[in-house]
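In what follows, chains carry the letters A, B, and so on, assigned in the order in which the sequence lines appear, proteins first and then strands, with residues in each chain numbered from 1.
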Amino acid sequence: MVQRFKALTLLFLVFLTGILHAQQSFTLSGKVWEAKSNESVIGANIIIKELQTGTSTNEYGFYSITLPKGTYTLIFSSLGYKNSVQTVDLNSNMKLNMPLEEDTEELEAVEISGTNTNLDIRSPQMSVNTMTVKSIKQIPVVLGEADVIKSLLLLPGVSSGGEASSGFNVRGGAADQNLILLDEANIFNSSHLFGLYSVFNPDAIKDVKLYKGGIPARYGGRVSSVLDIYQKEGNTREFHMNGGIGAVASRILMEGPIIKDRTSFLIGGRASYVHLLLPLFDVDNSANFYDLNAKISHRINENNNIYFSGYFGRDKFKVNESFVNTYGNAVLNFRWNHLFSDRLFSNFSLIYSDYDYGLKLDFVGFNWKSGIQNMNLKYDLKHYLTQNLQVNYGVNNIYYIFNPGKITPTGSGSGIIEDQLVKKYANELAVYIDIEHEVTKNLTLQYGLRYSHFTRLGQDEISVYEDNNPVFYNPLLQIYQQSLPIETRYPGRGKSLATYDNFEPRFSFSLLLNEFSSIKGSYTRLAQYLHLLSNTSSPTPLDVWTPSGPFIKPQLMDQFAFGYFREINNSPYTIESEVYYKKLKNRIDYIDGAQLIANEYIERSILNGRARAYGLEFMLKKNEGKFTGWLSYTLSKSEQQTPGRGTVTYNGYTAEETGINNGEWYNTPYDKTHDIAFFGNYQWNEKWTLNGNFIFQTGQPTNYPIGQFEFEGLVVPYYGIRNQERLPTYHRLDISVIYKPKHRPDKKWESEWVFSIYNVYNRRNAASINFRRSDEGNNEAVRIAIFGIVPSITYNFKF
Amino acid sequence: MKNFFLIIIVVLSFISCEDVVEIDLPENQERLVVDALLRVYDSLPGKEMEIRTTLSSNFYDSNPAAEVDLLSITNIDTDESIDFSPRSGDPGVYTAYIPNEFLVDATLLLLIEYDGKTFVSLANYIPAVPINSVVQGDGKLFSDDDTEIIINFTDDGNRDDYYLFDFDLNEYILSEDSYYQGEEFEFSFFHEDVRPGDILTITLMGVDLEFVNYMNQVLSQSGAQGQGPFQTPVSAIRGNIINISGYDSVDNIEDAIITDGYALGYFAVVQAYSKTINIH
């Protein structure tokens with residue numbers, strides 16, 4: 001048996017000697033898929049009853065396990081499917097593909113005495129939440145449109161800036177620190193309609209996984225979390241169609257075989273109604289969005305599968321033809337799964353993705369276009385060495401083109417001169433190795449290392465500053481000001497302006513205390529080379545991404561997490577509790593009055609600061625039975641600090657830099673002390689299902705004026721230390737009822753009605769408090785609440 | 001581009017609801033506020049300039065006038081000074097007739113003595129360009145009540161310019177010439193609350209980058225932008241008026257010690273061009 005290898009030795013062995021053979025062992029491998037559609041099942045557990053061990057399927061439904069010769073009882077299980085038990089006589093390498101039947105009856109799980117089928121307790125992977133599409137569709141949301149990101153907000157450690165704010169925050173991290181992957185492609189903007197919806201069509205999605213910590217070495221590039229979403233492959237057995245008609249949007253999805261059992265297609269679309277906001281203005285305007293998902297999956301043979309997938313989404317927002325705003329993501333993706341052997345799985349991905357933002361302002365006479373493009377090449381291998389050892393390794397290269405903005409005149413009458421803000425280019429290369437190692441029956445380790453190398457490539461033009469300092473501290477006025485360049489250089493595309501190298505170690509362990517409980521711990525270091533320029537509380541669609549370079553340093557995060565996981569003796573209840581501590585270097589912060597939009601010289605408004613976050617998360621979950629759901633609680637703190645950089649002398653004056661916010665720590669806009677969320681689903685009978693969720697959280701940090709003054713006829717509130725105050729406590733209850741008319745066995749058509757009420761008791765949760773002068777001339781504080789009580793109806797169908 | 005934020009906010013505020021709430025605010029630390037934006041017009045040889053001094057207050061209260069002991073402006077290049085005197089019946093307002101040649105192309109020092117403290121500020125004269133025309137258009141942005149004002153001017157191609165536009169009724173727009181360097185340029189502003197028969201004075205002023213940064217903060221914190229999800233970080237809005245001790249004359253101002261009790265407000269000397277328009 002292979003045991004106690006040091007990481008480096010192991011690395012050496014893996015690359016030099018290739019596959020290691022354990023004595024008298026054979027490999028059992030195969031795929032797990034859904035019986036009706038051939039759709040592969042991600043994360044299905046395969047338990048070997050006799051050995052009290054097991055494995056699970058990867059993102060493509062593949063599993064491999066090497067066992068000593070013998071006869072074994074295998075239990076295949078996955079949430080929402082019936083368990084399947086199979087006895088095998090393992091005396092040679094074996095392929096075993098397992099179709100799983102959907103568990104429509106919602107019966108109590110079949111208990112297999114003395115066997116804990118929950119591998120999650122055992123796995124060193126912690127700080128991860130998996131959401132099934134089924135529960136995403138059950139969670140009541142505003143205006144009835146099932147939504148991935150809004151559902152994530154019910155998990156511990158996940159929050160957002162409010163109802164109409166883009167993105168989400170994980171464990172006190174910023175929204176730009178989430179790596180959002182759709183079929184392995186980076187998605188740069190996850191929201192439609194300024195955050196009312198997310199860009200993922202729930203019909204097209206198979207699996208959603210959120211890593212909040214203990215992030216495996218195969219992921220990198222963002223420091224806070226990884227949201228890994230896989231689209232369905234498409235049914236290779238028969239043609240199906242499903243869809244829904246909702247209050248805001250409608251969607252339709254078609255899937256089916258092109259060549260039966262071999263090639264399938266999936267095409268889905270979703271569009272909102274053009275007139276969504278129309279009645280709200282008395283002028284011509286519209287706000288709408290649509291997205292398209294498409295995929296072709298093809299099985300070449302037992303050992304080779306290829307996938308083409310694409311996503312295209314756009315938001316369009318128009319006022320009177322004089323203001324037209326269009327933005328969205330596009331993703332094109334080719335993947336090739338290849339099995340070198342029954343123990344070596346590989347996936348090659350070639351991905352192109354971009355995010356475009358366009359704006360036409362007729363009354364100023366210009367068009368604006370900005371965006372980010374990237375070409376991503378990934379090669380990942382999973383090496384199932386022995387029963388106790390799995391090694392994942394791979395390489396990833398991403399080439400980025402950043403377009404901070406291009407301005408063009410709308411017509412000949414406009415005085416605007418066409419101008420392209422200097423485009424930026426960068427390349428991010430990473431290699432990683434990640435080892436899952438079952439050291440003893442009770443101790444499992446996962447350790448790995450990611451090495452990332454970032455190059456900020458040359459560009460047409462770059463400013464040079466005195467003392468290499470683009471932000472000048474004026475000791476006279478005691479404020480930060482933009483430096484003026486002393487020269488402009490034209491380095492050209494061939495040169496590199498800055499390079500950064502980072503080693504990112506990852507380590508986690510799980511120690512089984514007994515059959516039903518374990519403790520887990522992890523340390524994660526992550527590097528992030530891209531920054532979203534956003535000084536608003538939550539990102540806006542026009543925020544641009546900028547790479548690290550000579551002035552902006554990469555963000556470096558260290559996270560420690562520790563947890564206790566328990567399954568309550570043979571009952572469907574599980575408890576997950578974790579504590580974490582995060583430390584972030586080089587979090588960018590903006591000087592007072594910084595203008596980020598169309599700012600060609602963004603370095604003149606940015607200082608490098610730091611951030612930290614810590615917290616406790618608790619989740620009680622019931623996975624099976626008539627009633628399922630969870631209760632989560634998070635207690636946390638998230639702060640940032642941008643201290644001064646030392647002493648400055650200017651015109652004979654000397655002063656100590658104050659830093660931003662007097663150099664003191666201050667709450668990030670997404671610091672929420674308490675966050676309680678409950679979600680429950682009750683299957684009353686075959687026809688009726690009830691769902692409810694309740695959220696209670698500390699109001700988000702905000703600012704109240706410490707005073708006011710008058711200047712040029714304007715009444716100006718002014719502020720002190722940042723984010724000292726808080727909005728009132730946020731709480732809300734949503735319910736929904738799903739009615740499924742009796743399905744007639746002779747008809748293929750199935751349908752359901754979803755009746756939902758958002759914000760049942762009509763709580764006016766403050767999205768913000770504005771301080772302004774009223775029309776009567778006195779000053780007042782005004783609370784803005786986005787949604788009161790919102791009832792809605794959605795009709796879903798499939799055949 | 002600022003308008004964009006405004007538009008998002010407006011959209012959100014249409015689907016949202018507002019109500020006035022009682023919020024207890026932190027105690028204000030009272031500061032001197034100086035409103036000293038001196039507009040220099042080519043069309044006149046000189047003009048009575050006005051500087052207003054008040055005290056900052058709690059947000060819900062009004063700002064009391066501050067009666068200063070001394071208020072003067074010194075031309076650093078010529079060492080000449082002009083003292084301002086209080087306007088009778090209008091506390092906190094100080095005036096002085098200043099000929100244009102005193103201000104044009106000069107570096108100027110504002111000196112204020114108040115409550116035993118000395119406040120100073122330096123400003124350079126910033127030139128502007130004339131307005132070609134101001135006309136009323138018939139475009140609408142948000143509502144049929146919008147009144148479109150189209151301003152046209154020709155930028156000076158030999159320098160980087162920043163402009164402050166005063167559209168009257170306390171509506172201001174900031175702009176920089178990087179996208180219309182040396183070009184004839186026009187854009188529209190939409191007034192919400194004007195009626196036929198109103199006469200508006202539209203002013204174009206030349207300003208510098210520091211003042212743009214200052215005025216940006218003033219506009220965003222005073223305006224309708226509010227503190228929504230798209231709020232930008234708020235600040236104390238420090239201007240360019242500092243509190244010093246140990247000052248005795250302009251010649252040895254470098255020896256003075258800067259203390260923490262800075263004043264709010266701003267001192268700027270700008271070239272300005274105005275046109276009036278009759279709303280029809």
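Atom CD of A/Glu600 sits in a crowded spot, with more than 12 heavy atoms from other residues, nucleotides or ligands closer than 6.0 Å.
For chain A, the option among B/Ser56, B/Ser121, B/Ser57, B/Ala36 with the highest count of heavy-atom pairs below 4.5 Å is B/Ser57. Contact count versus chain B (heavy atoms, under 4.5 Å) is highest, among A/Leu484, A/Asn778, A/Asp592, for A/Asp592. Put simply, of B/Asp146, B/Asp19, B/Asp155, B/Asp177, the one with the most heavy-atom pairs under 4.5 Å next to chain A is B/Asp19.
Nearest heavy atoms, B/Asn63 versus A/Gln708: ND2-O, 3.0 Å. Here the closest heavy-atom approach between residue B/Val234 and residue A/Arg722 is recorded as O-NE, 4.1 Å. Taking all atoms of both residues into account, the shortest heavy-atom contact from A/Glu710 to B/Val33 is O-CG1, 3.7 Å. Heavy-atom minimum distance, B/Asn240 versus A/Leu477: CA-CD2, 3.4 Å. When all heavy atoms of B/Asn170 and A/Gly713 are compared, the closest pair comes out as ND2-O, 3.0 Å. Residues A/Tyr704 and B/Pro26 come closest through the heavy atom pair CB-CD, 4.3 Å.
Looking at heavy atoms from C-beta onward, A/Glu712 lies in side-chain contact with B/Asp35 at the 4.5 angstrom threshold. Here the side chains of B/Tyr179 and A/Phe366 are not in contact, with every heavy-atom distance at 4.5 Å or above. Under the 4.5 Å side-chain criterion, counting only non-hydrogen atoms from C-beta, B/Ile23 is not in contact with A/Glu725.
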Please report the C-alpha distance between A/Phe711 and B/Met215 in whole Å, then the side-chain angles of each, then the deciding distance to 0.1 Å, and finally whether the side chain to side chain contact (heavy atoms under 4.5 Å, CB included) criterion is met. CA-CA 10 Å; A/Phe711 185 76; B/Met215 202 61 190; 3.9 Å; yes
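One finds the CD1 atom of A/Ile721 at 12.0 Å from the OG atom of B/Ser235 (value rounded to the nearest 0.5 Å). Taking OH of A/Tyr718 as the start and CZ of B/Arg238 as the end, the distance is 12.0 Å to the nearest 0.5 Å. The distance from the OG atom of B/Ser178 to the CD1 atom of A/Ile417 is 9.0 Å, given to the nearest 0.5 Å. If you take CD on B/Gln181 and CD1 on A/Ile416, they are separated by 12.0 Å, rounding to the nearest 0.5 Å.
Looking at A/Pro409, there are no atoms closer than 4.5 Å to chain B (heavy atoms on both sides), in backbone or side chain. Of the atoms belonging to B/Glu210, it is side-chain heavy atoms, and not backbone ones, that fall under 4.5 Å from chain A. Heavy-atom distances place the side chain of B/Tyr172, and not its backbone, under 4.5 Å from chain A. Within the 4.5 angstrom heavy-atom criterion, no atom of A/Arg773 approaches chain B. Using a 4.5 Å cut-off between heavy atoms, B/Ile242 touches chain A through its side chain atoms alone. Residue B/Gln29 touches chain A through its backbone alone, counting heavy-atom pairs closer than 4.5 Å. With a threshold of 4.5 angstrom between heavy atoms, B/Val212 does not approach chain A through any atom at all. Contacts of B/Glu27 with chain A are made by backbone atoms alone, with heavy-atom separations under 4.5 Å and no side-chain atom involved. Looking at A/Asp419, only its side chain comes within 4.5 Å of chain B, counting heavy atoms on both sides. Contact annotation for B/Asp61: only backbone heavy atoms (N, CA, C, O) come within less than 4.5 Å of a heavy atom of chain A. Only the side chain of A/Ile407 comes within less than 4.5 Å of a heavy atom of chain B; its backbone N, CA, C and O stay farther away.
The main-chain N or O of A/Val716 is never found under 3.5 Å from a side-chain atom of B/Gln221 such that the two would form a donor-acceptor pair.
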